[in-house]
Amino acid sequence: MRSASPMAAFGLAALSALFLLLATCTDCWMVNADDSLEVSHKCRGLWRECVTNMQDGVRTCDQYDSILADHPVKIVVTRALLITADLLAGLALTMLLLGLDCITLLEGDHPLKMKICYGAGVILGIGSILGLVGSVWYAVDVYLERAMLVSHNIFLGVHYDFGWSCWLGMAGSLGCLVASVLLTCCLC
């Protein structure tokens with residue numbers, strides 16, 4: 001049973017870290033959500049904005065001017081938090097790999113392997129919280145922006161909803177949090 005928990009946590013953490021990485025790299029954090037008939041599908045991400053023509057499927061993307069340009073706070077904060085979460089998840093996966101029983105490195109030192117797994121769980125937990133804060137921060141800001149426009153009866157022709165990248169970031173963060181709980185609580 002001791003060996004099953006780190007293996008399950010490693011599998012969940014690897015999948016969740018992949019979700020976090022994909023959420024950071026993809027460009028559909030906000031999608032247009034109009035009820036009217038649209039001829040294009042618009043996505044906004046952390047790095048660029050893309051428009052897909054619904055009739056012929058042609059997709060064009062405009063990258064933001066510069067990483068250091070004056071961007072909205074939600075983009076800058078989400079970028080920083082998700083990149084940090086990605087790095088911490090990668091570090092935790094590397095540590096966890098060393099702590100698995102099936103890896104022969106440090107084979108005779110079982111207490112050290114358990115400490116490595118516990119440390120990986122703590123790092124994974126910190127990364128998951130950062131990723132969750134970044135994803136939820138972005139989602140709340142999208143919601144507040146939309147609510148403000150609705151409360152002032154402003155219709156700009158398009159309004160945005162949460163995109164699949166935002167949901168992917170939340171799912172990856174929650175998966176890393178569950179893996180962290182498996183590693184820190186179940187190994188004690």
Side-chain angles (χ1 to χ4, degrees), residues 8-33 41-52 59-99 116-148 158-185:
F10 180 77
L12 181 60
L15 182 64
S16 300
L18 179 67
F19 283 0
L20 269 175
L21 186 63
L22 286 174
T24 305
C25 297
T26 54
D27 53 14
C28 207
W29 280 77
M30 293 170 50
V31 294
N32 63 329
H41 179 74
K42 299 174 188 95
C43 281
R44 286 186 183 170
L46 301 177
W47 311 102
R48 60 188 180 169
E49 184 173 343
C50 295
V51 177
T52 305
R59 183 175 187 205
T60 57
C61 294
D62 292 329
Q63 291 209 344
Y64 298 139
D65 293 336
S66 168
I67 292 175
L68 301 175
D70 190 24
H71 294 294
V73 173
K74 70 179 172 189
I75 289 178
V76 175
V77 169
T78 305
R79 278 180 185 173
L81 289 172
L82 262 79
I83 289 171
T84 306
D86 290 340
L87 292 173
L88 288 174
L91 175 64
L93 278 174
T94 305
M95 284 178 64
L96 185 55
L97 192 61
L98 290 174
I116 289 174
C117 287
Y118 185 79
V122 170
I123 292 172
L124 196 59
I126 293 169
S128 69
I129 290 170
L130 291 176
L132 198 57
V133 166
S135 299
V136 170
W137 168 287
Y138 195 93
V140 166
D141 199 57
V142 169
Y143 175 77
L144 290 176
E145 180 181 319
R146 184 172 152 197
M148 185 189 68
V158 92
H159 68 275
Y160 288 91
D161 248 345
F162 315 128
W164 60 269
S165 296
C166 187
W167 293 113
L168 199 61
M170 288 182 204
S173 298
L174 286 175
C176 284
L177 187 62
V178 169
S180 171
V181 167
L182 270 174
L183 289 169
T184 55
C185 295

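All values derive from a computational prediction rather than experimental measurement. This chain uses plain numbering: 1 for the first residue, then up along the sequence.
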Open item on the list: According to side chain to side chain donor-acceptor pair (under 3.5 Å), does anything in residues 131-142 pair up with another residue at least two apart or in another chain? List the pairs.
Closed with: none
Task: Distance in Å, Leu130 CG paired with Leu82 CG, rounded so as to fall on 0.5 Å steps - done: 9.0 Å
TODO: Determine the minimum heavy-atom distance between Leu20 and Gly169, stating which atoms define it.
DONE: CD2-O, 3.8 Å
- [ ] Taking the side chain as every heavy atom from C-beta outward, state whether Val142 and Lys74 have any atom pair closer than 4.5 Å.
- [x] yes
Task: Separation of Leu132 CG from Met170 CE (nearest 0.5 Å) - done: 7.5 Å
Task: Option passing side chain to side chain contact (heavy atoms under 4.5 Å, CB included) with Leu81 (candidates Thr84, Val77, Thr78) - done: Val77
Task: Phe10 CZ to Leu124 CG distance, which is reported to the nearest 0.5 Å - done: 11.0 Å
- [ ] Measure the spacing between OG of Ser180 and CG of Leu174 and express it to the nearest 0.5 Å.
- [x] 12.0 Å
Open item on the list: How long is the straight-line distance from CG of Leu168 back to CG of Leu22, given to the nearest 0.5 Å?
Closed with: 6.0 Å
Task: Under-2.5 Å SG separation for cysteines Cys50, Cys28 - done: no
TODO: Over all heavy atoms of both residues, which pair between Arg48 and Gln63 is shortest? Give the atoms and the distance, please.
DONE: CB-CA, 3.6 Å
- [ ] Nearest 0.5 Å please: distance from the OG1 atom of Thr94 over to the CD1 atom of Ile116.
- [x] 12.0 Å
Task: Sub-4.5 Å side-chain heavy-atom contact between Tyr118 and Leu183 - done: no
Task: Atom of Ser173, atom of Gly131 and distance for their closest heavy-atom approach - done: OG-C, 3.0 Å
Task: Where Cys117 and Leu96 come nearest, the two heavy atoms and their spacing - done: SG-CD1, 3.8 Å
Open item on the list: If I compare all heavy atoms of Trp29 with all of Ala23, which pair ends up nearest, and what's the gap?
Closed with: NE1-O, 2.9 Å
TODO: Keeping to residues at least two apart or across chains, list the side chain to side chain donor-acceptor pair (under 3.5 Å) pairs with something in residues 10-25.
DONE: Thr24-Asp86
Open item on the list: A side-chain contact here means heavy atoms from C-beta on lying under 4.5 Å apart; do Ile83 and Leu87 qualify?
Closed with: yes
TODO: Provide the closest heavy-atom pair for Ala85 versus Gly127 in the form atom of the first, atom of the second, distance.
DONE: CB-O, 3.2 Å
